[in-house]
K.L.:
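Below: one structure in structure tokens.
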Amino acid sequence: MTDGVTRVFTWQEDARIDVRNVGREIVIEANAAGLRTLAGHLLTLAQDGTPDGAHLHLEEHSGLGEGSAGLVLERCDDE
């Protein structure tokens, strides 16, 4: 909840998202449902009224595949 408005992050059924740190690159590998889920998470953070600094932690035991690196999606409106 931010500014009294609840943001809902939903996962599509059968979504699979894996995140790997490969040297100087981050690889996000996902099936179609996982890509739609990730897109939905980003659109939720982009909603009007979502404050600067709002974020979502994705980790191995909170939606990402086993062995995935953690991933934080954060809104930052500062230039």
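This structure is a prediction, so every number in the text was calculated from the model and none was measured.
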K.L.:
Quick one: closest heavy-atom pair of Glu13 and Ala33, and the distance?
P.N.:
O-CB, 3.7 Å

K.L.:
Would a 4.5 Å heavy-atom cut-off, applied to side chains only, mark Leu73 and His55 as touching?
P.N.:
no

K.L.:
Can you get from Leu35 to Trp11 by hopping between Ile, Leu, Val, Met, Phe, Trp and Tyr side chains that sit under 4.5 Å apart?
P.N.:
no

K.L.:
Is Thr50 reaching over with its side chain to a backbone N or O of Ala46, donor-acceptor style, under 3.5 angstrom?
P.N.:
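No, because the side chain of Thr50 does not come within donor-acceptor range (under 3.5 Å) of the backbone of Ala46.
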
K.L.:
Going by side-chain contact (heavy atoms from CB on, under 4.5 Å), Leu58 matches just one of Ile28, Leu64, Val19. Which one?
P.N.:
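Between Leu58 and the candidates, side-chain contact (heavy atoms from CB on, under 4.5 Å) is satisfied uniquely by Leu64.
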
K.L.:
Whether Arg16 and Asp14 form a salt bridge (side-chain N of Lys/Arg under 4.0 Å from carboxylate O of Asp/Glu) is what I want to check.
P.N.:
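So Asp14 does not pair with Arg16 through a salt bridge.
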
K.L.:
Is there a chain of hydrophobic side chains (I, L, V, M, F, W, Y, each step under 4.5 Å between heavy atoms) that links Ile26 to Leu45?
P.N.:
yes

K.L.:
Quick one, Ile17 and Ser68 - any side-chain contact, counting heavy atoms below 4.5 Å?
P.N.:
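SC-SC contact between Ile17 and Ser68 ruled out.
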
K.L.:
Donor-acceptor pair, Glu60 side chain versus Gly67 backbone, under 3.5 Å?
P.N.:
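The answer is yes, because a donor-acceptor pair under 3.5 Å joins these two groups.
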
K.L.:
Supply the atom-to-atom distance Leu38 CG to Leu43 CG, rounded to the nearest 0.5 angstrom.
P.N.:
10.0 Å

K.L.:
For Arg75, is there an ion pair with Asp77 - N to carboxylate O distance below 4.0 angstrom?
P.N.:
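Answer for the salt bridge query: yes.
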
K.L.:
Can you measure from CD (Glu66) to NE2 (His61) and round to the nearest 0.5 angstrom?
P.N.:
7.5 Å

K.L.:
Rounded to the nearest 0.5 Å, what's the gap from CZ on Phe9 to CG on Leu56? Could you check?
P.N.:
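Answer for the CZ-CG pair, Phe9 versus Leu56, is 5.0 Å.
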
K.L.:
Check for a donor-acceptor pair, side chain of Thr37 on one end and backbone N or O of Gln12 on the other, with a separation under 3.5 Å.
P.N.:
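Flag set: sc Thr37 to bb Gln12 pair under 3.5 Å.
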
